[in-house]
Amino acid sequence: MIDSKRCFKTSAIATVAVTACYGVSAGTIVNVDLTGVSNEGAVANDLPGLVGDSVFAKWNAVSSNAEVTNLLDEDGVATTVSFDIDDATTNTFSGGGGVNDFFRGYTFLQGGPGVSTPDQGAFTIGGLDNAKTYNIVFYATWDFIDAGSEFSLDGGTTWKLSDGVPSVSNAAFIEGQSYVLFTDVAPTAGEIDGLWRTTLEGDSTAHRGPFNGFQIQEVPEPGSLALLTAGALCTLRRRRD
């Protein structure tokens, strides 16, 4: 059995490089939990995630539309990454999160029965390095059957759907059901702007549009891949044990 804490430390050491001018080093991961509980995940809450360490990673709590700055990376170290969600009137924060209950914490666009026009919200991830690209996982589901969200990072030209199935609060992570993935996204002026919206059901009524959280990871430079290999293998082996 691999010592998970030692494995995590090895991976972290392998992936951390000199901090770039925007405060995010190669391979750095920032986790954000959108929740109605103001202190959920603020410093040391453990939440599962597809990217990085699923046991010891730190998550940042966001429980209002106010911009949050200097978000912590998964090791608990402050960065210059920021997050700002728009002030849409249908935008509400609710619930709480937890190791086995991640999808009970969310913000959402109202939608719902009888609504024939999708609601739409916007957000900005800032404090990024223009010379880097980023992988981003957006989580979207909850324990209601009429839940589903689409995300876009190109102003609405292309949308990716997370349809909310199977709509339970402790659902497994399945692409297209509980999350969507964008890879190698390049920021502009240190920012990545995004949209999310409710989806239409077969009867042309809008789903509620949940947004549970996201993870953003700086794509390592080619020269860093050799260093990452040992840490990545360690993480994979630990998760299988």
Side-chain angles (χ1 to χ4, degrees), residues 11-35 41-43 47 49-53 57-88 91 107 120-140 149-160 162 179-197 211-225 227-228 231-232:
S11 176
I13 293 171
T15 58
V16 173
V18 176
T19 301
C21 60
Y22 281 96
V24 181
S25 57
T28 294
I29 299 167
V30 173
N31 306 315
V32 172
D33 179 20
L34 302 179
T35 173
V43 177
L47 293 174
L50 289 172
V51 179
D53 191 276
K58 304 298 185 289
W59 285 68
N60 300 270
V62 173
S63 56
S64 75
N65 292 334
E67 181 181 15
V68 288
T69 60
N70 300 118
L71 294 172
L72 304 180
D73 68 15
E74 72 167 355
D75 295 326
V77 178
T79 72
T80 58
V81 177
S82 63
F83 179 69
D84 188 19
I85 200 166
D86 73 353
D87 295 324
N91 183 231
T107 184
Q120 182 169 294
F123 56 88
T124 298
I125 305 172
L128 306 176
D129 186 345
N130 291 330
K132 307 293 184 180
T133 62
Y134 298 84
N135 297 330
I136 312 175
V137 182
F138 295 105
Y139 298 97
S149 295
E150 293 182 305
F151 291 82
S152 175
L153 296 181
D154 60 5
T157 301
T158 302
W159 294 87
K160 292 190 177 185
S162 176
Y179 76 90
V180 297
L181 171 65
F182 292 84
T183 58
D184 290 314
V185 181
T188 300
E191 296 182 346
I192 293 173
D193 294 318
L195 301 171
W196 100 98
R197 67 184 182 186
F211 185 0
N212 305 86
F214 69 91
Q215 295 180 282
I216 180 167
Q217 178 187 38
E218 183 180 297
V219 176
E221 297 176 1
S224 302
L225 295 180
L227 290 175
L228 286 169

Separation of K58 NZ from D73 CG (nearest 0.5 Å): 9.5 Å
4.5 Å side-chain heavy-atom contact, V62 and I85: no
With sequence neighbours excluded, residues passing side chain to side chain donor-acceptor pair (under 3.5 Å) with S64: none
4.5 Å side-chain heavy-atom contact, V77 and T28: no
Donor-acceptor contact below 3.5 Å, side chain D86 vs main chain F123: no
Any donor-acceptor N/O pair, E67 side chain to S82 backbone, under 3.5 Å: no
Aromatic plane relationship, F211 with F138 - under 30° parallel, 30 to 60° tilted, over 60° perpendicular: perpendicular
Heavy-atom donor-acceptor pair, S162 side chain to Y179 backbone, under 3.5 Å: yes
Point-to-point distance, once rounded to the nearest 0.5 Å, from CG of D154 to CZ of F182: 7.5 Å
Backbone N/O of I29 and side chain of Q215: donor-acceptor pair under 3.5 Å: no
Close side-chain approach of I125 and I216, heavy atoms under 4.5 Å: yes
D33 side chain to N60 backbone, donor-acceptor under 3.5 Å: no
N/O donor-acceptor pair under 3.5 Å between Y134 side chain and D129 backbone: yes
Student check: side-chain heavy atoms of I136 and L153 closer than 4.5 Å: yes
Polar side-chain atom of S149 near backbone of A140 as donor-acceptor pair, under 3.5 Å: no
Pairwise distance CZ(F83) to OG1(T69) - rounded to 0.5 angstrom: 13.5 Å
Pairs of donor and acceptor atoms involving the side chains of residues 183-194, under 3.5 Å and at least two apart or interchain, shall be tabulated with distances.
from : atom 1 : to   : atom 2 : distance (Å)
D184 : OD1    : T133 : OG1    : 3.4
D193 : OD1    : T124 : OG1    : 2.8

Student check: side-chain heavy atoms of L34 and Y139 closer than 4.5 Å: no
E150 side chain to W159 backbone, donor-acceptor under 3.5 Å: no
Check: T35 side chain, S63 main-chain N or O, donor-acceptor pair, under 3.5 Å: no
Nearest heavy atoms of E74 and D53, plus distance in Å: OE1-N, 3.1 Å
